[in-house]
Amino acid sequence: SRLSIGKQDLSKDEIAELWGPEARRAYFGDRRIVDLPDEEEALRFLEHVLGRTPLPAPWAFDEYQDGNLCFYNRETAKLSLDHPLDAVMREMVGMWRVHSSLPTEQRESYINTLQQTWGRDEGIEFAAWAKAMDAKGLPYYWHTRTNATMRSSPASVLMPPQYLRSQCAKHLLEGDEKECEKASSPKFQRTLERPEVV
């Protein structure tokens, strides 16, 4: 049951309390998005970006009567315990796993290939949505290939997952750059050259 019909408009403080670090850790762990405690680094990687990523329309944060976080669909009035970006989060952790397993010199090429694929697919998906008017003169959008319809603008639905993907990729690339800079620094090289003390 819902707490109240208007509770979907939670304040930033309420959201921060319901979707704080402990709640996110529990969500990622319980749903096996990351394999804790072995993938603590993957958890930090995902949290670095997720906190700045908005929910895609028409979703909003909400709260059950028991005080637990849920997600409210403004168009269908349905609730879900699954984060609207759950599938993208799993995709990004998969990317992190592959990236982590690759030799350093192959990582940039891997991420660049993914970015090119995302850009192509996102362009095709955006182009498939067309704006129309219903009998009451209210705007809606329909998918020219699937005939699906929605009230929310395609940008508000598609941009949050795009942002999450792009920022995750950027975070990995920046981490690789820092590792290369560290490895090439004179201080690090002196550490490697220092003879082992026995």
Side-chain angles (χ1 to χ4, degrees), residues 19-57 59 71 80-129 143 145-146 148 154-198:
W19 188 234
E22 291 185 7
R24 292 195 296 269
R25 181 184 178 86
Y27 183 93
F28 300 147
D30 292 346
R31 287 163 173 76
R32 300 304 298 272
I33 295 176
V34 294
D35 187 13
L36 297 175
D38 295 335
E39 293 186 330
E40 290 286 348
E41 186 178 345
L43 177 64
R44 292 192 294 271
F45 155 73
L46 196 57
E47 283 209 319
H48 178 78
V49 176
L50 189 62
R52 304 192 302 271
T53 305
L55 294 182
W59 291 97
F71 303 91
S80 175
L81 293 175
D82 294 328
H83 194 290
L85 295 173
D86 187 283
V88 184
M89 287 189 258
R90 295 178 189 277
E91 179 188 346
M92 293 301 94
V93 173
M95 176 182 71
W96 174 86
R97 288 172 178 149
V98 173
H99 173 272
S100 300
S101 70
L102 290 173
T104 303
E105 63 273 13
Q106 296 179 15
R107 292 177 176 179
E108 183 177 358
S109 176
Y110 168 68
I111 297 298
N112 288 339
T113 300
L114 284 179
Q115 290 176 317
Q116 292 172 5
T117 301
W118 296 337
R120 182 189 67 242
D121 294 346
E122 290 160 1
I124 292 173
E125 184 63 16
F126 263 118
W129 287 97
H143 199 282
R145 294 197 306 272
T146 67
S156 65
V157 175
L158 300 176
M159 288 188 69
Q162 290 179 9
Y163 177 82
L164 182 57
R165 289 187 182 99
S166 67
Q167 292 301 303
C168 283
K170 179 181 177 182
H171 181 65
L172 290 180
L173 289 173
E174 289 177 347
D176 291 340
E177 290 179 1
K178 290 179 181 178
E179 284 188 15
C180 290
E181 290 174 0
K182 178 181 177 181
S184 61
S185 68
K187 182 178 180 180
F188 185 78
Q189 292 296 327
R190 287 196 297 271
T191 302
L192 294 178
E193 295 168 0
R194 187 177 302 156
E196 183 179 356
V197 178
V198 294

All side-chain hydrogen bond (donor to acceptor under 3.5 Å, both in side chains) counterparts of H83, not counting sequence neighbours
none
What pairs with S156 under side-chain contact (heavy atoms from CB on, under 4.5 Å), at least two apart in sequence or on another chain?
A57, S152, S153
Check W129 against P154 and note the closest heavy-atom contact, atom names and distance.
CB-CG, 3.5 Å
E105, CD atom: more than 12 neighbouring heavy atoms under 6.0 Å
yes
Restricting to non-hydrogen atoms, name the atom on R107 and the atom on S100 that form the minimum distance, rounded to 0.1 Å.
NH2-O, 3.3 Å
Quick one: SG on C168 to CG on L50, what's the gap to the nearest 0.5 Å?
8.0 Å
Those residues that, when tested against R31, pass side-chain contact (heavy atoms from CB on, under 4.5 Å) (two or more places apart)
Y27, I33, L81, D82, D86, R90
Residues two or more places apart in sequence or in another chain: which of them pass side-chain hydrogen bond (donor to acceptor under 3.5 Å, both in side chains) with E47?
R24
Could you state the interatomic distance from CG (L43) to CG (D38), rounded to the nearest 0.5 Å?
12.5 Å
Gap separating the CG atom of L172 from the CD1 atom of I111, nearest 0.5 angstrom
5.0 Å
All side-chain contact (heavy atoms from CB on, under 4.5 Å) counterparts of S109, not counting sequence neighbours:
T113
Taken in chain and number order and not counting sequence neighbours, the residues that satisfy side-chain contact (heavy atoms from CB on, under 4.5 Å) with P37 are E40
Supply the atom-to-atom distance L46 CG to M92 CE, rounded to the nearest 0.5 angstrom.
9.5 Å
To the nearest 0.5 Å, tell me how far L114 CG sits from H99 NE2.
10.5 Å
What pairs meet the salt bridge (Lys or Arg N to Asp or Glu O under 4.0 Å) rule with one or both residues in residues 118-129, with sequence neighbours excluded?
E125-R145
Contacts of R52 that satisfy salt bridge (Lys or Arg N to Asp or Glu O under 4.0 Å) - sequence neighbours left out
none
Per-pair distances, 0.1 Å, donor-acceptor, side chain in residues 160-167, under 3.5 Å, sequence neighbours excluded:
{"residue": "R165", "atom": "NE", "partner": "E91", "partner atom": "OE1", "Å": "3.2"}
{"residue": "R165", "atom": "NE", "partner": "E91", "partner atom": "OE2", "Å": "3.1"}
{"residue": "R165", "atom": "NH2", "partner": "E91", "partner atom": "OE1", "Å": "3.1"}
{"residue": "S166", "atom": "OG", "partner": "Q162", "partner atom": "O", "Å": "3.3"}
{"residue": "S166", "atom": "OG", "partner": "Y163", "partner atom": "O", "Å": "3.0"}

According to salt bridge (Lys or Arg N to Asp or Glu O under 4.0 Å), who are the partners of R97, at least two apart in sequence or on a separate chain?
E39
Tell me the closest heavy-atom pair linking A169 and W118, and the distance in Å.
CB-CZ3, 3.9 Å
Is the number of heavy atoms from other residues, nucleotides or ligands under 6.0 Å of M95 CE greater than 12?
yes
Who passes ring pair (Phe, Tyr, Trp, His ring centres under 6.0 Å) against W59, sequence neighbours left out?
none
Nearest 0.5 Å, please: how far is CD in E108 from CD in E177?
7.5 Å
